[in-house]
Number of protein chains: 2
Amino acid sequence: MQATAFSPHDHTHCISSAITHAKGLCAERDVRLTPVRQRVLELIWQSHKPIGAYELLASLAKEGFNSAPPTVYRALDFLSEQGLLHKLESINAYVGCCNPDTPHQGHFLLCQVCHQAQELDSQYITLALKVSADQHGFEMHHHTIEVVGTCQECLNKANMSEAT
Amino acid sequence: MQATAFSPHDHTHCISSAITHAKGLCAERDVRLTPVRQRVLELIWQSHKPIGAYELLASLAKEGFNSAPPTVYRALDFLSEQGLLHKLESINAYVGCCNPDTPHQGHFLLCQVCHQAQELDSQYITLALKVSADQHGFEMHHHTIEVVGTCQECLNKANMSEAT
DNA sequence: GTATGTTATGTTATATTATAACAATCGTCA
DNA sequence: TGACGATTGTTATAATATAACATAACATAC
């Protein structure tokens with residue numbers, strides 16, 4: 001589990017390592033990380049916040065890529081199938097997946113102030129969901145867990161400015 | 001907690017009791033459950049499945065209500081503020097809230113086969129989310145928990161037809 | 001009971017998010 | 001090379017949601 005989204009960190013490193021990782025995975029799986037797919041993944045990782053499809057599309061357009069909606073949605077579909085990103089349903093935005101090796105659905109903390117997203121992978125949450133589903137005889141396929149609130153960094157900033 | 005959505009039950013009773021309940025709550029809170037708001041709530045409860053805004057709008061139109069999108073979205077906003085319904089973010093659809101007295105966010109089981117939704121209120125899920133949030137110093141405001149899979153009824157049906 | 005402010009609704013237009021459908025191109029490999 | 005599947009291009013449209021401003025209904029102080 002990576003837990004750095006809300007903290008200062010070398011994000012350039014995040015991007016390049018995510019891309020390297022993605023290239024490796026796609027090679028292994030014998031699927032094609034084409035230029036537009038790779039660029040979309042880079043743009044997603046470059047953004048410090050979850051990014052919407054049409055914002056991606058605008059960036060692609062500036063860079064001379066084809067810029068009709070299907071282009072970006074196809075890339076998002078591909079990346080999603082490969083587990084390289086997650087869609088945040090409550091805000092219709094996309095984030096890179098921190099751990100694309102093992103299939104999973106993310107659990108997310110979304111900060112209302114800085115709009116950054118932190119992916120979690122809590123065993124407890126997964127277990128609690130499984131227990132609830134089992135109690136109802138429900139067979140769980142996938143899930144969406146999005147917690148909206150204020151991250152530690154933004155809470156600190158708020159406290160600082162209050163103290164003055 | 002109510003756990004009947006996936007099981008056969010007297011749904012007419014669900015609808016009327018939900019409306020009676022809503023009327024009481026709105027009276028207590030001194031807010032107005034106007035005709036269009038009440039009708040939207042009824043339509044939501046009448047539907048056995050989560051229902052979309054434009055489907056509601058079509059029903060309202062047939063009944064002679066004003067039928068421009070703001071009408072239904074305003075009603076949905078009101079009902080949501082009063083805790084009388086939940087929005088299922090992953091499918092852009094709305095369901096009546098089983099327990100509008102106490103403010104909460106629902107946890108939902110969504111069946112891929114019959115498309116019904118079951119609201120849960122699991123203490124374990126809530127606790128697991130709180131623990132995860134606390135670990136990250138994250139102040140939780142609200143959340144979206146949607147589990148997609150197959151409900152017991154539909155699993156049974158599938159097994160039955162397999163057995164033949 | 002009427003002026004006034006507030007809440008709710010009507011109306012038009014448009015923003016935002018996403019997909020359908022079909023044509024053209026690219027890659028691969030027999 | 002030619003045939004096939006995968007990918008991309010292109011046009012159009014579907015589906016979901018909100019902005020902005022006008023009008024009407026309701027509440028209440030005077």
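When reading the values below, keep in mind they use all heavy atoms of this one structure, side chains included, and skip hydrogens, waters and symmetry mates. Naming convention: chains lettered A, B, ... in sequence-line order (proteins, then strands); numbering from 1 in each chain.
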For B/His9 and B/His11, does a side-chain donor sit closer than 3.5 Å to a side-chain acceptor?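 On atom types as modelled, these side chains qualify, holding a pair under 3.5 Å.
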
Would you check if there is a donor-acceptor pair between the side chains of B/Glu89 and B/Thr144 at a distance under 3.5 Å?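 Result is no, nothing qualifies.
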
Starting from [atom2] on [N], measure out to [atom1] on [X] and report it in whole angstrom.
X: B/Asp30; N: C/dT7; atom1: CG; atom2: C1'; value: 12 Å
X: B/Glu81; N: C/dT7; atom1: CD; atom2: P; value: 12 Å
X: B/Arg32; N: D/dA25; atom1: CZ; atom2: C1'; value: 7 Å
X: A/Ile51; N: C/dT17; atom1: CD1; atom2: P; value: 11 Å

When rounded to the nearest 0.5 angstrom, what distance separates CZ in B/Arg37 from CZ in B/Arg32?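 Rounded to the nearest 0.5 Å, the CZ-CZ separation comes to 7.0 Å.
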
Are A/His86 and A/His107 an aromatic pair, judged by ring center distance below 6.0 Å?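 No - the distance between ring centres of A/His107 and A/His86 does not fall below the 6.0 Å cut-off.
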
Centroid separation under 6.0 Å, is that true for the rings of A/Phe6 and B/His136?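 Aromatic pair excluded; centres sit 6.0 Å or further apart.
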
Closest approach of A/Leu43 and A/Ile51, non-hydrogen atoms and distance?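 A/Leu43 and A/Ile51 have their closest heavy atoms at O-CD1, 4.4 Å.
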
Nearest non-hydrogen partners of A/Cys114 and A/Cys154, listed with the distance: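 It is CB-SG, 3.6 Å.
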
Can you see if the side chain of B/Asn66 gets near the phosphate of C/dT9 - specifically, an N or O under 4.0 Å from OP1 or OP2?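 Answer no for this pair, as no side-chain N or O of B/Asn66 is under 4.0 Å from OP1 or OP2.
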
Whichever of A/Asp77 and B/Phe65 has its nearest DNA chain C nucleotide further upstream toward 5':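 The answer here is B/Phe65.
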
For DNA chain C, which residues in residues 36-44 of chain B have a heavy atom at a distance below 4.0 Å?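 Listed by number, they are B/Val36, B/Arg37.
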
Output, in order, the C-alpha distance, side-chain angles, deciding distance and verdict of side chain to side chain donor-acceptor pair (under 3.5 Å) for B/His115 and B/His48. CA-CA 9 Å; B/His115 297 110; B/His48 281 227; over 6 Å; no

NA contact type, B/Arg74, heavy-atom cut-off 4.0 Å: base, sugar-phosphate, or nothing?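 Here B/Arg74 touches the bases of the nucleic acid.
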
Listing time: all N or O pairs from protein to nucleotides 11-17 of chain D that are below 3.5 Å?
residue : atom : partner : partner atom : Å
D/dA17  : OP1  : B/Lys87 : NZ           : 2.4
D/dA17  : OP1  : B/Asn92 : OD1          : 3.4
D/dA17  : OP2  : B/Tyr73 : OH           : 3.1
D/dA17  : OP2  : B/Tyr94 : OH           : 3.2
D/dA17  : O5'  : B/Tyr73 : OH           : 3.4
D/dA17  : N7   : B/Tyr54 : OH           : 2.5
D/dA17  : N6   : B/Tyr54 : OH           : 3.3

